[in-house]
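Below is one structure, written out as C-alpha cells; comments come after it.
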Amino acid sequence: MTSYEQIFENNKRWIAKNKATDKEFFEKLSKGQDPDFLYIGCSDSRVATEELMGVKPGEVFVHRNIANLVCNNDLNVMSIINFAIHHLQVKHIIVCGHYGCGGVKAAMQARDLGILNPWLRNIRDVYRLHRQELNAIGDEEQRYRRLIELNVEEQALNVIKTAAVQKTYLSDGYPLVHGWVFDIKTGTIIDLKIDFQEKLKDIQEIYNLGASE
Ligand code: CO
C-alpha cells in the first residue's frame, strides 16, 4: 500500500520521468486540452481509465461516479457531456462499466442503503426494464454480469437522448457513443458494440431533440 507521504515522492519521480522523455512535457500540457474521447466510468479504484486505455494526459476527458450512471437530471454529468461536445468537440463518448461492480451488486440486494437509494434506483430501473431477460438467467453470477452490461447500454442510451449528441451528430457526424465493460480479472476492454445509428434512430422516435430552433 502506498503511504500518503509516498505520493509526493512518486510525483517527483513522475515529473522527472516525463521531462526525461520530453523536456517540454509540462509546458505543452499547460497550453490546453484537445481530447477526442469522453469517458464516463465507475469510480471503482481498480478501473484506472488512462492506464487501461493506454492514453496520455490530455487525451481523454473523464467523468466517474458510482456504477457509471448517466442520470437525465444529474447536472454534473449533463454539464460534462455538453462541455465535451460543444467545447472539446470529442469524437467518441464511452460509457464503461466493469464486472464486479459494487454499485450494481448493491442495487441487486433488497436493502435500504440510505442516501445511496435514489442513486442505485437507476440500476433497479434498468433491472425492471430488462426483468424478463434477467430473471431467465438462473445463475446469479451470470445475471449480475448481464445487469452490468445492460446498465452500460441503458446509460449509453441516456447519452444518446441528449440534444447535444443528437444535434451535433446530425450536423457533424460525431460524436459516436460506445458501451464498454472492463473485465478486471483479465484486464480486457469488451466493446458491447452498441449499434449507434440504430439506437439513435430508435431513440429519436420518442426523444427527438435533433431539430434546430
Ligand atoms: Co463499479
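Computed from a predicted structure; not experimentally measured. Atoms within each ligand, like the ligands themselves, are counted from 1 in listed order. Computed over heavy atoms, backbone and side chain alike; hydrogens, waters and symmetry mates excluded.
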Contacts of Y144 meeting ring pair (Phe, Tyr, Trp, His ring centres under 6.0 Å) (sequence neighbours excluded), chain-then-number -> none

With a cut-off of under 6.0 Å to the ring centre and 45° to the axis, is K19 in cation-pi contact with F25?
no

Is a salt bridge present between K12 and E9, judged by a nitrogen-to-oxygen distance below 4.0 Å?
yes

Would you please indicate yes or no on a ring centroid separation below 6.0 angstrom for W14 and F26?
yes

Lys/Arg N to Asp/Glu carboxylate O, D44 vs R46, below 4.0 Å
yes

Under 2.8 Å from the Co ion (ligand 1) - protein N/O/S, by chain and number:
C42 SG, H98 NE2, C101 SG

Test item: T186 side-chain N/O and T188 main-chain N/O as donor-acceptor pair under 3.5 Å:
yes

